[in-house]
Amino acid sequence: MKRHSVFEIRIICDPADTDRVTTALNKAFTAGTARTYPARDGKRTRLYVTADHRPAPEPFPSSEAAYALAPSIISEIGWTARTLATAECFTELDRDYYLRKAALLDRIALLDEPDLFSDGDARATALAAAVLLLDTDRPHIAQHLAEQGEKDPRGYVRRHYAQRARCVCDDFGEGGCLLHADPDH
């Protein structure tokens, strides 16, 4: 079990510096919302922030590790097509669709990458799908994880796909199983 060392930070600053100080704290630590109170002198502001050391992001998994349990590319193409065909026009699909689509396009691009004479369309399409997933997730993830994803969007897809690619047939409320189309497998 990992232990986290959570600590409280108190800063007394000029009220005009509050936003700058809070931004700097969020870059340095995983920090909660700053609580603001007037200082005793009535001229400055006291900021209280609960913070935690920001752990270094884990490296992205290799494509082999991320897609080890993935259904075949043909199966995923079928799933993607069926999902789109059954969705109403202009319907925003759930995150699972965008993750699986980005992973599918990444896997297709990986097949194309060893070819020195390829024009890179598969890679560009995979990158675009990965950036879309990252942008979809951005409001819900820590800034340092978003920054890591910006450096390698396809690696970001691989991490999240590897986390999702497990059998959830027996897990109540987890949605459809990525590995088994038939829940009675």
Listed partners of Asp19 passing salt bridge (charged side-chain N to carboxylate O under 4.0 Å, His left out), at least two apart: none

Could you work out, with side chain to side chain donor-acceptor pair (under 3.5 Å) as the rule, every residue matching [X], not counting sequence neighbours?
X	value
Arg44	Asp41
Tyr37	none
Arg158	Asp106
Arg138	Asp135, Glu150

Straight-line distance of Leu133 CG to Arg100 CZ, nearest 0.5 Å: 13.5 Å

Nearest-0.5 Å distance that lies between atom CZ in Arg95 and atom OG1 in Thr136: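 Going from CZ on Arg95 over to OG1 on Thr136, the span is 8.5 Å.
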
If every non-hydrogen atom of [X] is compared with every non-hydrogen atom of [Y], which pair is closest and at what distance?
X	Y	value
Leu134	Gly149	CD2-C, 3.6 Å
Ala162	Pro61	CB-CG, 4.3 Å
Arg154	Ala109	NH2-CB, 3.5 Å
Pro71	Tyr161	CD-OH, 3.4 Å
Ala34	Thr22	CB-OG1, 4.2 Å
Ser63	Leu110	CB-CD1, 3.3 Å

Verdict with supporting geometry, Gln148 and Glu58, side-chain contact (heavy atoms from CB on, under 4.5 Å): CA-CA 10 Å; Gln148 184 192 29; Glu58 303 236 348; over 6 Å; no

Residues forming a side-chain contact (heavy atoms from CB on, under 4.5 Å) with Ile73, sequence neighbours excluded: Ile77, Leu104, Arg107, Ile108, Leu111

Ser72: side-chain contact (heavy atoms from CB on, under 4.5 Å) partners, not counting sequence neighbours: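 With neighbours one apart ignored, the set is Ile74, Ser75.
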
Connected-component partners of Phe90 among ILVMFWY, side-chain separation under 4.5 Å: none

Hydrophobic cluster (4.5 angstrom, side-chain heavy atoms) - remaining members for Leu127: Val131

Test side-chain contact (heavy atoms from CB on, under 4.5 Å) applied to Arg164 and Asp96, step by step: CA-CA 9 Å; Arg164 173 69 174 92; Asp96 192 51; 3.0 Å; yes

May I have the list of side-chain donor-acceptor pairs in residues 8-17 shorter than 3.5 Å, sequence neighbours left out?
unit_1	atom_1	unit_2	atom_2	d
Glu8	OE1	Thr50	OG1	2.9
Glu8	OE2	Arg35	NH2	2.2
Asp14	OD1	Ala16	N	2.9

Set of ring pair (Phe, Tyr, Trp, His ring centres under 6.0 Å) partners for Phe60, sequence neighbours left out: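 Partners of Phe60 under the ring pair (Phe, Tyr, Trp, His ring centres under 6.0 Å) test: none.
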
Close side-chain approach of Glu76 to Lys101, heavy-atom, < 4.5 Å: no

Residue pair Tyr156 / Leu145, side-chain heavy-atom distance below 4.5 Å: no

same_hphob_cluster(Leu93, Leu99) at 4.5 Å side-chain heavy-atom cutoff: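 Yes: a chain of side-chain contacts under 4.5 Å links Leu93 to Leu99.
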
Tyr98 reachable from Leu84 in the ILVMFWY side-chain graph, under 4.5 Å edges: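 Per the 4.5 Å side-chain linkage, Leu84 and Tyr98 are co-clustered.
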
Salt bridge (charged side-chain N to carboxylate O under 4.0 Å, His left out) contacts touching residues 78-92 (sequence neighbours left out): none

